[in-house]
Amino acid sequence: MEPTQQQPDNLTPSQKKAVLHKDGPLLVIAGPGSGKTRVITYRIAALIDSGVNPHNICAITFTNKAADEMRQRAFALGRSAGTHISTFHSLCVRILRQYANFAQINPNFSIYDTTEQSQCIKQAIKTCELDTTNFSPARMLEAVSTLKNKLITAEDFENSSDDFFSNTLAKIYQHYQNILTENNALDFDDLLMKTAYLLQDNPDICQQLGDRYKFLLIDEYQDTNHAQYKIAKSIASTHNNICVTGDPDQSIYRWRGADIRNILAFETDYPNATVVKLEENFRSTPNILKTADKLITNNQNRKLKSLIPTKPSGEDVTVEAFEDEKHEALTVADQIKDLENKGAQLRDIAVFYRVNSASRVLEEALIKNKIQYQIVRGVEFYSRKEIRDLLAYLKILVNPQDEVAFLRIINTPTRGIGKTTIDRVGAYADSKNITFYDALKNADKIDSLSKAPKAKIAVFVNMIEQFKKDMDSNVGPLAEKIFAESGLENFLNTSKDQNALENVNELINAAHEYDKQTEQPSLLDYLQQISLFSDTDTYDESKGAVSLMTLHAAKGLEFENVFIVGLEEGMLPHERGADNEEELEEERRLFFVGITRAKTQLFISYAKYRTIRGQFLRTIPSQFLYELGINLTEPAKENEYEYEQDHDDMEFDHYDHSSPQTPQFSIGQLIRHQKFGLGRVKKFDDMGPNSVVEIKFNAGQTKTLMLKYANLEKIE
DNA sequence: GGACTCTTGGTTTTT
DNA sequence: CCAAGAGTCC
């Protein structure tokens, strides 16, 4: 360790103030690139230096990746051992496992992610005999999640609901919760909600945790939700040694329940709080910061904060217009090559986009140009079928109540146990009020089953029981054994799915790695940990590759050169966020986060046409570009573009069949209205002279107009 | 019971 | 355009 790092001498006065603050609540409002993470790490070190036992410090980060990094940095300062550094979710798993009996749960619980949640909610909707078109699983799940984040239980909600929709939702919520309980499973939101209630209902546990974690540090506090807020408050209630850091301008998780008021009201919550503002930016050039500032000042609902540059001025921020997404992607690839020729490292380059699906065209362009890249959270590793299958085998050993896991593997690979058999076993389990696995064990007593399926079930049960004997061995060898003996390996070998085989190998390697790195490896701990792991956490900065990721995944990172693509209405801001001002502001913050990741060069672009769900559509430049003061009637830079072969078949003749009296409009057609300006057709009811069009205008409002009076001008 | 094709519908971000 | 579910055939 370099001795200079031991003392925080090279800190600014404000940074120093935050680092050396000792007792009581501390709020650090830190702009992008202000050295916030560094401040937290130094603060951990300073606390330890002042005599605090590392064991008594708990730092909470937003992602596992951030936790890892912080652990490494603290380790580099030589003072990390024993400090608890993790995400809220990991901390909750730990607490729930320790106090399981107080939380009235079984400590062997499975953690259900979106896929498994979705199966449970579908089952719940079915049990309520409702139609999934009116009560879509995704919608219901979102609604339940919102309730849980606000710590509203199914019972609470049922008591307060008084209209048809809420009543129905309350029923679904209750059923969904029952299903989870039967499976001994918790979803992500349960981890938080159960912990929050555990602490609320048990002051003595609060006290114990307060004694254990005498100093609580929370990063990215602007993105905490109500449940997390309550948990933090409970743990800190005995000592009030709570230090939170964040930037209200970087709050981008409202949709997940994040409540920006948590940080805005910190001073009211903790009246004796010390407040430190870090406004100096050590990351970006003044040009980049000017761009960021110009954008974010359009948000009405914010606290004023400056971005004070400390770097010498650099290159201009570029905004370019391209013909379509292919043209955009190919040019990004070209520009990356240019940067490389000028000496830039691929690892210092990143491309950000709003939606995951935008990565494909970029990948194609990079492959074409033989540029190495890594996608941060593309198709998630742990959500791949083969990975989930193998994990399901492991899960049922720990938690035999996990019916979702059983249903996944009972016939994977196929072993002749089909839907009918499964339904009959399920019915038997329900009638006897036993678990699915217990029903399988007693299959020979199920009258509705004939001999063949009974035998097949017996073989399956026997196999599982064999696996169970090795449950306490290390995770790596166990995973290997199960992969081989369950028939999964054979199945993948015969189907020649090379990718799947590689993925499983990677999982097995990771399991071995877990055994090596963990003090007390256990299957339960392993499974609960990887449930909380996301692909964002696998981003490897040492790889010599360009990073591709969504704007959300970019949070907390920084790169020398940043490309942000797709600055179009509907993309950024995303169409689902354009309707109300609050969501629009969040989209703006998202763009702000993207801009402020760039250290030296920033390339912003949009495409004039984009293929959306298979349709080649004219786009409208993002309103955010106007806000940056870029005059788009004459785009900053027009690009020459030679159409490639496959553009020939693009169809522009959707509306060529129009009758002379009433023109036809296709969905997505861009139009101009004399009064309302540019807009896009959302709906078109062809009723001859009485045709009606619904148009979403660029200014935000949606209008339904009679075609014959509207006098619309089509724009190509 | 299982593999296959066809249709339909839904579209963001993630611990 | 893509994924999930329904329907069809062996």
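To find a chain, count down the sequence lines: A is the first, B the second, and so on, and within it residues start at 1.
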Colleague: Could you say whether G418(A) or D189(A) is positioned toward the 5' end of DNA chain B, judged by the nucleotide with the nearest heavy atom to each?
Modeller: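 With G418(A) and D189(A) compared, the 5'-side residue is G418(A).
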Colleague: May I ask you to verify if any side-chain N or O of T550(A) is less than 4.0 angstrom from the OP1 or OP2 atom of dT14(B)?
Modeller: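 Looking at the OP1 and OP2 atoms of dT14(B), one of them is under 4.0 Å from a side-chain N or O of T550(A).
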Colleague: Across the strands shown, which category fits N411(A) at heavy-atom distances under 4.0 angstrom: base, sugar-phosphate, nothing?
Modeller: sugar-phosphate
Colleague: For the residue pair A292(A) and F592(A), what are the closest heavy atoms and their distance?
Modeller: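 Residues A292(A) and F592(A), closest heavy atoms: O-CD1, 3.5 Å.
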Colleague: Strictly below 4.0 Å, N to O, side chains only: are R610(A) and E328(A) in salt-bridge contact?
Modeller: yes
Colleague: Measure from CG on L191(A) to C1' on dT15(B) and round the result to the nearest Å.
Modeller: 9 Å
Colleague: Walk along nucleotides 2-10 of chain C from 5' to 3' and tag each nucleotide B, S or - by protein heavy-atom contact under 4.0 Å, base first, then sugar-phosphate.
Modeller: S--S-----
Colleague: Side chain of R256(A) only, heavy atoms from C-beta on: which candidate in dA3(B), dT12(B), dT14(B) is closest?
Modeller: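 Nearest to the side-chain atoms of R256(A), counting from C-beta on, is dT14(B).
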Colleague: Can you tell me how far C1' of dG1(B) sits from CG of D423(A), to the nearest Å?
Modeller: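 So the two atoms are 12 Å apart, to the nearest Å.
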Colleague: Keeping the roles fixed (side chain from E583(A), backbone from R254(A)), state whether a donor-acceptor pair exists under 3.5 Å.
Modeller: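 Between the backbone of R254(A) and the side chain of E583(A) there is no qualifying donor-acceptor contact (under 3.5 Å).
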Colleague: Can you confirm if the aromatic rings of Y609(A) and H327(A) lie within a centre distance of less than 6.0 Å?
Modeller: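 No, the ring of H327(A) stays outside the 6.0 Å limit from the ring of Y609(A), centre to centre.
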Colleague: Does the distance from a Lys or Arg side-chain N to an Asp or Glu carboxylate O, for R71(A) and D68(A), drop under 4.0 Å?
Modeller: yes
Colleague: Could you check how far CD of E568(A) sits from P of dT12(B), rounded to whole Å?
Modeller: 16 Å
Colleague: Is there a donor-acceptor contact under 3.5 Å from the side chain of E116(A) to the main chain of D113(A)?
Modeller: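 It does hold such a pair.
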Colleague: Using a strict threshold of under 4.0 Å (side-chain N to carboxylate O), is an ion pair present between R354(A) and E587(A)?
Modeller: yes
Colleague: In whole angstrom, what separates F591(A)'s CZ from dT12(B)'s P?
Modeller: 21 Å
Colleague: Compare side-chain N and O positions of N225(A) against OP1 and OP2 of dT15(B) and report whether any pair is under 4.0 Å apart.
Modeller: no
Colleague: Using a cut-off of 6.0 Å, state whether more than 12 heavy atoms not belonging to K454(A) lie near its atom NZ.
Modeller: yes
Colleague: How many Å lie between CD on E586(A) and P on dT14(B), as a whole number?
Modeller: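 Atom-to-atom, E586(A) to dT14(B), this comes out as 13 Å.
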Colleague: Under the 5.5 Å and 30° test, is W255(A) stacked on the base of dT13(B)?
Modeller: yes
Colleague: Determine the contact category for S136(A): base if any of its heavy atoms lies under 4.0 Å from a base atom, sugar-phosphate if only primed atoms, P, OP1 or OP2 are that close, otherwise nothing.
Modeller: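 S136(A): no heavy atom of the nucleic acid under 4.0 Å.
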Colleague: Would you kindly give the CZ-to-P distance between F62(A) and dT13(B), to the nearest whole Å?
Modeller: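 Rounded to whole Å, this separation is 15 Å.
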Colleague: Report yes or no: is the cationic atom of R588(A) (NZ for Lys, CZ for Arg) closer than 6.0 Å to the six-membered ring centre of F591(A), at no more than 45° off its axis?
Modeller: no
Colleague: Is there aromatic stacking of H574(A) on dT12(B) here, judged by a ring-centre distance under 5.5 Å and a plane angle under 30°?
Modeller: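 Stacking is present between dT12(B) and H574(A), given that their ring centres fall under 5.5 Å apart and the planes under 30°.
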Colleague: Establish whether the base of dT13(B) is bridged to the side chain of R354(A) by a donor-acceptor pair shorter than 3.5 Å.
Modeller: yes
Colleague: Whole-Å distance between dG2(B) C1' and I417(A) CD1?
Modeller: 14 Å
Colleague: If you write DNA chain B from 5' to 3' in dot-bracket form, with Watson-Crick or G-U pairs under 3.5 Å, [ ] for crossing pairs and | for pairs with another strand, what do you get?
Modeller: ||||||||||.....
Colleague: Give T421(A) one of three labels, base, sugar-phosphate or nothing, depending on what nucleic acid heavy atoms sit under 4.0 Å from its own.
Modeller: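 Touches sugar-phosphate only.
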Colleague: Round to the nearest Å and state the distance from L584(A) atom CG to dT13(B) atom P.
Modeller: 18 Å
Colleague: Please classify the nucleic acid contact of I252(A) as base, sugar-phosphate, or nothing, using heavy-atom distances under 4.0 Å.
Modeller: nothing
Colleague: Are the charged groups of K326(A) and D324(A) less than 4.0 angstrom apart, N to O?
Modeller: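 D324(A) and K326(A): not salt-bridged.
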Colleague: What nucleotide, of dT13(B), dG1(B), dT15(B), holds the atom closest to the side chain of T87(A)?
Modeller: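 Ranking dT13(B), dG1(B), dT15(B) by closest atom to the T87(A) side chain puts dT15(B) first.
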Colleague: Looking for any heavy atom pair under 4.0 Å, which part of the strands does Y253(A) touch: base, sugar-phosphate only, or nothing?
Modeller: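 Result for Y253(A) = sugar-phosphate.
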Colleague: Where do F62(A) and F88(A) land on the ring pair (Phe, Tyr, Trp, His ring centres under 6.0 Å) test, with the steps shown first?
Modeller: CA-CA 8 Å; F62(A) 194 73; F88(A) 261 110; 9.5 Å; no
Colleague: Using the P atoms only, state how far dT13(B) lies from dA4(C), rounded to an integer number of Å.
Modeller: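 It works out to 15 Å between them.
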